[in-house]
Amino acid sequence: MLDAMNIATESRLAGLKLKMETREARIGIIGMGYVGLPLALLFSGERFRVTGFDVAADKVEALNAGGSYIVRILPAEILEAQKAGFRATADYREIEQMDAVIICVPTPLNEYHEPDLSYVTGTVRSIAPHLHEDQLIILESTTYPGTTEEVVVPLLEAGNPLGLKISRALGQPGVHVAFSPEREDPGNDTVARHDIPKVVGGCGPEASELAAALYGSIFRRVVPVSSPSVAEMTKLLENIYRCVNIALVNELKQLCMKMGIDIHEVIDAAKTKPFGFQAFYPGPGLGGHCIPIDPFYLSWKAQQFDFRTRFIELAGEVNTAMPYFVIDQVANALNEQCKSIKGSKVLVLGLAYKRDIDDLRESPSLTVIELLRDKGALVAYNDPFFPRVGHGRHYDLNMTNTPLDNLGQYDAVVIVTDHTAYDYQAIVEQSQLVVDTRNATKGIKSPKIVHC
Ligand SMILES: NC(=O)c1ccc[n+]([C@@H]2O[C@H](COP(=O)([O-])OP(=O)(O)OC[C@H]3O[C@@H](n4cnc5c(N)ncnc54)[C@H](O)[C@@H]3O)[C@@H](O)[C@H]2O)c1
């Protein structure tokens, strides 16, 4: 009897895996943003038929028209994916037709700096009524350990009319659920996406096996871990590691400045050590959807265990203070020229949170501009990726891009994002004063440059 059950389970699993190997498995990806859209293209590139789900009608429309709204993704790539069957929809009823569903929706912080899981819970509630047995549901959104088990699974089980349960043991029928963190690094082309190992933790052995098989079809290496919580924590460790190390160099930069030492020269020397050191670079503060946010998912969860994550809090404190430090340096530099911030014309170079990308979420540039304006500066910006900037959850700027001519009219030019398209030599030559927060003017000798 037991043997018969094992054989049935094995053949059911083998059937699903075969569907993945033969690319017959239908893949649904929810959230066609910076993470979900590239992932959809990766699966399409491997000849899977992918459906992209998004609540934003303009994104669905753009994708179905063969267009792209992310600079580094060309419309030609969307058209190519369409040949493999890619299309977008806002209709959750199509979830029924999917063999695997991957959730890539935002996980921001709310106004009290606590996890805002409303996008995840909203998505899970929308897919629950359309589940079918043996479907594989994977959460990729970055979140605190426990989210998959404590939030996703109960909502899936409560919300489906068939009364389906999550499969937790070999041979147990039901829906398969796993967590697999995204390791996208926008703008970094040094590692091909399929060469980035994919960590996977399933709620049961079948979920782990199926998720590993699915990702194994597009990633060269899959790293299975024992549970979704381990996979969730892995992503947070990676991001907290970055956050803490960036805070460390940001703090050391400030000390080095007082000591007359160039922190960048120090880092360049330290990174010649072939072991035990990884270089991180100081800057004007953290940006993006990950590093400034994700660590606080863990500190929030830690409270449930009566535990204080002091490294995270200290790193947050240091990194959050960096835009204020930049403003102090601009004020000091103007002061040297007998000017005040109030009434000065200041050009901020770069809005994106990092070099060569079209993403300004949590960008320190936004804070720098707001702080300069608060102090009475007349602020303009230039960023080739943003013709205009309106308002977001944490800013209200309403500005348009200023061309890079007549730089001499500005009392100060502040380099906040070191886009490679900028000609830094020319910028220094034409400006009265350059405050460089990124070491973008490295190698250029001029008394007009203030490094900070
Ligand atoms: N951007 C990155 O570099 C990066 C890297 C690693 C991990 N992550 C994580 O991946 C997740 C997604 O980030 P992102 O940068 O792609 O976000 P994003 O804002 O670019 O994209 C999210 C998309 O989800 C859509 N959406 C929101 N609610 C929805 C719903 N209920 N149903 C369908 N679609 C919905 C939005 O319209 C948007 O298009 C986050 O948890 C983030 O922390 C992001």
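Note that ligands are numbered from 1 as they come in the structure, with each ligand's atoms numbered from 1 the same way. Here, residue 1 is the first one in the sequence, and each next residue gets the next number.
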Who are the ring-ring contact (aromatic ring centres under 6.0 Å, His included) partners of H113, not counting sequence neighbours?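 Testing H113 for ring-ring contact (aromatic ring centres under 6.0 Å, His included), a comparison that skips the adjacent residues, returns F296.
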What pairs of donor and acceptor atoms, side-chain ones from residues 282-292 against any protein atom, are under 3.5 angstrom apart with sequence neighbours left out?
{"unit_1": "H289", "atom_1": "NE2", "unit_2": "T107", "atom_2": "N", "d": "3.4"}

Sole candidate of L404, D383, D418, V434 that passes side-chain contact (heavy atoms from CB on, under 4.5 Å) when paired with L349: L404
Please name the residue in the list R49, H130, R26 that meets the side-chain contact (heavy atoms from CB on, under 4.5 Å) test with M98.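 Per the side-chain contact (heavy atoms from CB on, under 4.5 Å) rule, the option paired with M98 is R26, out of R49, H130, R26.
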Extract all N/O-N/O pairs under 3.5 Å that connect ligand 1 to the protein, and present each with both atom names and the distance rounded to 0.1 Å.
{"unit_1": "ligand 1", "atom_1": "15 (O)", "unit_2": "R361", "atom_2": "NH1", "d": "3.2"}
{"unit_1": "ligand 1", "atom_1": "15 (O)", "unit_2": "R361", "atom_2": "NH2", "d": "2.8"}
{"unit_1": "ligand 1", "atom_1": "16 (O)", "unit_2": "Y34", "atom_2": "N", "d": "3.2"}
{"unit_1": "ligand 1", "atom_1": "16 (O)", "unit_2": "V35", "atom_2": "N", "d": "2.8"}
{"unit_1": "ligand 1", "atom_1": "17 (O)", "unit_2": "R361", "atom_2": "NH1", "d": "3.3"}
{"unit_1": "ligand 1", "atom_1": "19 (O)", "unit_2": "R361", "atom_2": "NH1", "d": "3.3"}
{"unit_1": "ligand 1", "atom_1": "20 (O)", "unit_2": "Y34", "atom_2": "N", "d": "3.0"}
{"unit_1": "ligand 1", "atom_1": "31 (N)", "unit_2": "T123", "atom_2": "OG1", "d": "3.1"}
{"unit_1": "ligand 1", "atom_1": "32 (N)", "unit_2": "Y92", "atom_2": "OH", "d": "2.5"}
{"unit_1": "ligand 1", "atom_1": "34 (N)", "unit_2": "V55", "atom_2": "N", "d": "3.4"}
{"unit_1": "ligand 1", "atom_1": "37 (O)", "unit_2": "D54", "atom_2": "OD1", "d": "2.6"}
{"unit_1": "ligand 1", "atom_1": "39 (O)", "unit_2": "D54", "atom_2": "OD2", "d": "2.6"}
{"unit_1": "ligand 1", "atom_1": "39 (O)", "unit_2": "K59", "atom_2": "NZ", "d": "2.8"}
{"unit_1": "ligand 1", "atom_1": "41 (O)", "unit_2": "V105", "atom_2": "O", "d": "3.4"}
{"unit_1": "ligand 1", "atom_1": "41 (O)", "unit_2": "T107", "atom_2": "OG1", "d": "2.6"}
{"unit_1": "ligand 1", "atom_1": "41 (O)", "unit_2": "T142", "atom_2": "N", "d": "3.0"}
{"unit_1": "ligand 1", "atom_1": "43 (O)", "unit_2": "T142", "atom_2": "OG1", "d": "3.4"}

For D306, enumerate each residue passing the salt bridge (charged side-chain N to carboxylate O under 4.0 Å, His left out) test, keeping only those at least two apart in sequence or located in another chain.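 In terms of salt bridge (charged side-chain N to carboxylate O under 4.0 Å, His left out), with neighbours along the sequence ignored, D306 is linked to no residue.
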What I want to check is whether the side chains of Y241 and Q278 have a donor and an acceptor closer together than 3.5 Å.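 There is such a pair between these side chains.
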